[in-house]
Amino acid sequence: MDESPNLDGAMFRGARAASRPILLPIYVYGIDRRTLRDFKRKLATALNPKLGYCVLTFIEQDGEPRRLKCYYVGGMEGNEQIGAAGFTWVSYGIQLTAADPWFYGDTEVVADWFFGTPQPFLGNPFFPVKLSKGTPSSSTLTIENPGDIEAWPVWTITGPLKRFAFTGPDGTSWGIPEQAGGADALQAGRTLTVDCRPGYKTAKDDQGSNYFPLLSPNPSLWSVPPGTSTFHTDLLAGSGTPTVKVTLFPRYSTY
């Protein structure tokens with residue numbers, strides 16, 4: 001908010017989610033003092049932020065889990081006062097911080113398309129059964145985000161492609177333009193993975209080559225808003241059947 005010196009109220013400028021603080025009550029009990037100390041040591045090791053994040057899982061009656069990646073902040077400093085600990089038990093108020101404040105489920109959303117030569121709807125051989133979205137009839141494609149928050153896709157593209165560009169629901173785009181001399185932007189047999197997630201933002205093929213310098217100027221690795229969205233493609237296939245696969249990791253505002 002920006003405060004105005006001459007007008008009532010303030011001006012809304014924008015919103016962002018901060019890291020999520022969590023207070024987790026823990027009661028540890030052992031049949032004797034030695035068992036209690038072993039449990040405390042295991043708990044401290046599991047929460048040690050130097051060993052990486054820990055995963056906090058919430059499961060309601062529907063059995064659908066929601067997960068947060070958290071780092072330990074405090075709460076195990078050793079409060080042994082009366083009412084907080086005994087000879088065979090101890091209670092903690094574990095303080096955690098989720099740097100990414102959104103909850104994740106276990107289900108990924110995957111969609112793939114074929115370009116160039118049409119593909120059969122059912123695979124050959126018939127088993128295992130694999131349904132294909134087939135060859136798009138237009139440059140406008142639909143993608144579904146079942147989460148509550150925008151999701152950042154991971155693209156898997158196989159060549160050959162002379163050029164390609166993807167324009168998101170917000171109108172921004174990224175892609176690789178046609179190369180000098182008519183060479184393929186993505187050669188046959190190569191698989192390019194473009195990870196749009198914050199903290200990743202990579203564009204590498206299956207041999208580890210970095211494609212980021214080949215992207216068009218000012219690329220925007222756009223996100224997918226909640227619900228059903230459309231995006232636009234501009235692809236020029238080489239002598240083959242390129243494919244495009246999108247993988248989404250839905251994010252939820254609560255468990």
### Task
Could you check if a side-chain atom of Thr142 sits within less than 4.5 angstrom of a side-chain atom of Thr228, using non-hydrogen atoms only?
yes
### Atom pair CG (Leu68) and CZ (Arg20), whose distance is rounded to the nearest 0.5 Å
6.0 Å
### Message
Let's go through Leu214 and Gln179 carefully: what are the C-alpha distance in whole Å and the side-chain angles of both, what is the deciding distance for side chain to side chain contact (heavy atoms under 4.5 Å, CB included) to 0.1 Å, and is it a yes or a no?
### Response
CA-CA 9 Å; Leu214 299 180; Gln179 303 298 295; 4.0 Å; yes
### Query
Going from OG on Ser223 to CH2 on Trp152, what distance comes out if it is rounded to the nearest 0.5 angstrom?
4.5 Å
### Query
Under the 4.5 Å side-chain heavy-atom rule for ILVMFWY, direct or indirect, which residues accompany Phe249?
Tyr104, Val154
### Task
Look up atom CG in Asp32 and atom CZ in Arg37, then write down how far apart they are to the nearest 0.5 Å.
10.5 Å
### Task
State whether the side chain of Arg251 and the backbone N or O of Glu150 hold a donor-acceptor pair below 3.5 Å, judged by distance alone.
yes
### Query
To the nearest 0.5 Å, what is the distance between CG (Asp38) and CG (Leu43)?
12.5 Å
### Basic-acidic side-chain contact under 4.0 Å: Glu60, Arg66
no
### Message
Looking at Asp184 and Arg163, is any side-chain nitrogen of the basic one under 4.0 Å from a carboxylate oxygen of the acidic one?
### Response
no
### Message
Is it true that, when you exclude Lys42 itself, more than 12 heavy atoms of the residues, nucleotides or ligands shown sit nearer than 6.0 Å to its NZ?
### Response
no
### Task
Report yes or no: do Leu236 and Val244 belong to one cluster of Ile/Leu/Val/Met/Phe/Trp/Tyr joined by side chain heavy-atom distances under 4.5 Å?
no
### Task
Kindly write out the residues that satisfy ring-ring contact (aromatic ring centres under 6.0 Å, His included) with Tyr255, not counting sequence neighbours, or none if the list is empty.
Phe58, Phe103
### Query
Are the aromatic rings of Tyr252 and Trp102 close, with centres under 6.0 Å apart?
no
### Query
In this structure, are over 12 heavy atoms from other groups packed under 6.0 Å from Tyr200 atom OH?
no
### Message
Atom OH of residue position Tyr211 - does it have more than 12 heavy atoms of other residues, nucleotides or ligands inside 6.0 Å?
### Response
yes
## Note on the structure
Hits for ring-ring contact (aromatic ring centres under 6.0 Å, His included) against Trp155, two or more places apart or cross-chain, chain-then-number order -> Phe166, Trp174, Trp222, Phe231
### Task
Give a yes or no on whether a salt bridge exists between Arg190 and Asp206, defined as a side-chain N under 4.0 angstrom from a carboxylate O.
yes
### Task
Please determine if Asp195 and Arg197 form a salt bridge, counting it only when a charged side-chain N lies under 4.0 Å from a carboxylate O.
yes
